[in-house]
Amino acid sequence: MTTRRAGILLHPTSLPGRFGVGDLGPAARRFADFLAAAGQSLWQVLPLVPTGYGDSPYQGLGAFAGNPLLVSPEDLVADGLLDEADLAAAPVFPEGAVDYGPVIAWKTALLRRAADRFEARASPALRQAFDEFRHGAPWLDDFALFVALKDRHAGLPWTRWPAPFADREPRALARALRELAPDLHAAAFAQFAFDRQWHALRAHARARGVGLVGDLPIYVAHDCAEVWSRRELFQLDLRGEPAFVAGVPPDYFSATGQLWGNPLYRWEERAQECHAFVLERLRAALGQVDLVRVDHFRGFEAYWAVPAGAPTSREGAWRPGPGAALFDRLERELGDLPLIAENLGVITPEVEALRHRYRLPGMAILSFAFGKDPQAPGFRPHAYARDLVAYTGTHDNDTVVGWWASEGGDSIRAPEDVRQEKDFARRYLDLGERPIHEVMIRALLASVADTAIVPLQDVLGLGSAARMNRPATATGNWRWRFREGALTPATAGWLGELAGLYGRT
């Protein structure tokens with residue numbers, strides 16, 4: 001027997017608040033309350049890792065760490081580690097977007113102050129909780145040392161550090177542990193604060209019938225603690241630089257493909273160690289959330305390897321991924337896998353066979369259902385299977401309203417193609433004079449797909465300015481935030497009515 005459910009996609013950085021970036025405090029709890037009032041049982045987020053290059057949650061500084069920017073200053077006051085005066089001194093930040101530079105500078109200093117006060121005045125219960133966290137986080141020491149050394153070396157990638165540190169020479173690391181002890185404590189404290197607040201938020205959401213959906217990228221960033229400390233798992237040269245990098249070949253959306261730059265696993269030479277690393281990452285993710293979206297699932301069947309230094313991904317080639325051997329081990333260790341397989345892009349019968357073998361739901365994107373994307377026919381609601389997670393859109397594409405307002409003329413869609421796409425959508429959805437985002441949400445919730453998830457931007461009917469990410473651009477992404485007061489009882493009412501009408505409450 002299946003359970004029909006509905007949810008909203010919103011990364012915590014997009015929550016409102018006066019501290020420049022959304023966090024895990026009061027606004028997050030209010031959002032969980034809104035979801036419950038709107039008949040939604042799922043809250044999907046993007047990766048929660050500390051961000052590196054381009055502020056992207058898909059380029060994290062650590063595969064297991066949490067993003068310190070998400071730590072709530074207000075909850076640190078409640079723990080007695082900050083004072084109200086510390087919060088009153090906060091700069092005036094923009095409300096509708098994250099200005100990462102000033103936010104990072106202010107919040108890093110604030111967390112350092114809280115870490116110092118933890119040393120001076122934390123309660124015995126809080127100290128015990130910190131000790132228990134450290135004992136249960138075997139990745140923490142390497143991560144803390146990595147970010148401390150990165151800060152000491154002006155933020156440079158680890159391959160550009162002096163060789164003793166880049167190559168993890170024992171004497172150099174021992175010296176760093178002594179000299180950087182306060183920095184290591186501050187980094188560990190920030191991770192403790194994130195973990196404590198995240199689990200409190202999860203309990204708050206669960207008490208209201210709201211489960212959490214996480215996001216596990218298939219790859220990790222090259223400039224991260226795990227590549228620095230586990231070089232043997234990745235296709236690197238003798239200097240530690242990638243020999244081949246990740247991407248996808250040219251497709252309907254890009255004539256040159258996408259070049260992500262992540263290092264690739266050594267699936268064949270180090271199969272057992274690489275399988276264990278993925279298992280470790282998935283186990284950690286399932287300790288945070290109830291369901292995990294696996295980004296770029298097709299890379300587990302075959303992955304696109306691009307020689308390092310190639311100007312585009314055209315120069316790449318398919319190589320076999322770990323396939324069933326990996327998922328057999330995950331299933332042995334974890335039982336039934338609570339995963340969503342992101343099966344978008346160049347999907348072959350072999351990829352779908354792997355997904356079906358482990359009973360993993362795939363994805364369908366309604367915004368892509370009306371154009372010339374080869375997957376478009378399967379994205380139309382009449383073609384859905386129950387074993388599916390249906391979206392109006394994702395973090396990587398335009399909002400529904402932005403898509404509808406676009407006239408094309410770019411490298412992807414000619415104006416005539418756009419006109420045909422919209423005409424088809426208008427007829428298929430029986431649009432009339434109703435708002436496009438409301439009609440698409442209704443079509444999604446009415447479908448037979450067991451799970452329907454809508455980005456908050458589409459619930460609010462926002463245009464392209466609210467878009468979260470533009471692939472292949474490195475600046476200006478991940479910034480959008482909704483404003484206080486945007487979530488009204490009326491919004492919860494109509495969304496909840498649809499969820500109830502179509503059996504998703």
Side-chain angles (χ1 to χ4, degrees), residues 12 19 21-26 28-29 45 47-51 60-87 104 106-152 173-174 176-206 212 214 224-226 229 280-281 283-289:
F19 302 115
V21 63
D23 60 46
L24 306 179
R29 294 188 285 273
V45 301
L48 297 166
V49 293
T51 55
L61 297 176
F64 302 94
N67 189 347
L69 293 183
L70 296 177
V71 174
S72 164
E74 290 154 305
D75 286 2
L76 290 177
V77 171
D79 280 334
L81 302 177
L82 290 176
D83 300 323
E84 289 291 349
D86 297 313
L87 276 54
I104 290 170
W106 179 76
K107 204 150 197 181
T108 299
L110 191 75
L111 288 172
R112 185 62 176 256
R113 194 176 311 149
D116 292 342
R117 289 181 183 168
F118 178 92
E119 285 285 274
R121 65 192 197 195
S123 68
L126 206 55
R127 293 182 188 278
Q128 181 179 348
F130 183 47
D131 291 341
E132 291 172 354
F133 167 72
R134 297 201 68 152
H135 181 74
W139 50 269
L140 182 60
D141 289 342
D142 271 330
F143 173 77
L145 184 56
F146 175 81
V147 294
L149 284 169
K150 188 173 179 65
D151 186 59
R152 166 170 278 198
L173 296 191
L177 289 173
R178 293 191 304 270
E179 295 176 355
L180 301 176
D183 302 314
L184 300 177
H185 169 71
F189 169 79
Q191 290 305 306
F192 165 66
F194 170 89
D195 184 78
R196 175 179 172 83
Q197 293 185 8
W198 176 260
H199 284 95
L201 176 60
R202 186 182 184 187
H204 181 93
R206 179 174 289 175
L212 299 176
C224 81
E226 285 68 35
S229 61
E280 186 181 355
R281 292 180 64 207
R283 196 189 300 277
L286 291 173
Q288 292 181 324
V289 299

Closer than 3.5 angstrom, by distance alone: can the side chain of [X] be matched with the main-chain N or O of [Y] as a donor-acceptor pair?
X: Asp83; Y: Ala85; result: no
X: Arg121; Y: Gly80; result: yes
X: Glu74; Y: Pro26; result: no
X: Arg202; Y: Val289; result: yes

Sequence neighbours left out, what passes side chain to side chain donor-acceptor pair (under 3.5 Å) with Arg127? Give chain and number order.
->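 Partners of Arg127 by the side chain to side chain donor-acceptor pair (under 3.5 Å) criterion come out as none, since no residue qualifies.
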For a quick test of reading the model, state the closest non-hydrogen atom pair linking [X] to [Y] and the distance between them.
X: Pro50; Y: Pro68; value: CB-CD, 3.9 Å
X: Val49; Y: Gly60; value: CG2-CA, 3.6 Å
X: Leu82; Y: Leu87; value: CD1-CD1, 4.2 Å
X: Leu70; Y: Leu48; value: CD1-CD2, 4.1 Å
X: Lys107; Y: Val71; value: NZ-O, 2.7 Å
X: Leu69; Y: Asp23; value: O-CB, 4.3 Å

pair [X]-[Y]: side-chain heavy atoms closer than 4.5 Å:
X: Leu126; Y: Leu81; result: yes
X: Leu24; Y: Pro12; result: yes
X: Arg113; Y: Leu110; result: yes
X: Val45; Y: Gln288; result: no

Can a salt bridge be assigned to the pair Glu226 and Arg281 using a cut-off of 4.0 Å between side-chain N and carboxylate O?
-> no
Keeping to residues at least two apart or across chains, list the side chain to side chain donor-acceptor pair (under 3.5 Å) pairs with something in residues 137-146.
-> Arg134-Asp141, Asp142-Arg168
Walk me through it: do Asp86 and Arg117 pass the test side-chain contact (heavy atoms from CB on, under 4.5 Å)?
-> CA-CA 12 Å; Asp86 297 313; Arg117 289 181 183 168; 2.4 Å; yes
Any chance you could measure Leu173, atom CG, to Arg178, atom CZ, to the nearest 0.5 Å?
->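 Reported value, rounded in 0.5 Å steps: 11.0 Å.
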Quick one: CZ on Phe143 to OG on Ser229, what's the gap to the nearest 0.5 Å?
-> 11.5 Å
Quiz: residues 180-196 side-chain donor-acceptor pairs under 3.5 angstrom, not counting sequence neighbours:
unit_1: Asp183; atom_1: OD1; unit_2: Arg112; atom_2: NH1; d: 2.9
unit_1: Asp183; atom_1: OD1; unit_2: Arg112; atom_2: NH2; d: 3.2
unit_1: His185; atom_1: NE2; unit_2: Ala115; atom_2: O; d: 3.2
unit_1: Gln191; atom_1: OE1; unit_2: Gly66; atom_2: N; d: 2.6
unit_1: Gln191; atom_1: NE2; unit_2: Gly66; atom_2: O; d: 2.9
unit_1: Asp195; atom_1: OD1; unit_2: His199; atom_2: ND1; d: 3.4
unit_1: Arg196; atom_1: NE; unit_2: Asp79; atom_2: OD2; d: 3.2
unit_1: Arg196; atom_1: NH2; unit_2: Asp79; atom_2: OD1; d: 3.1

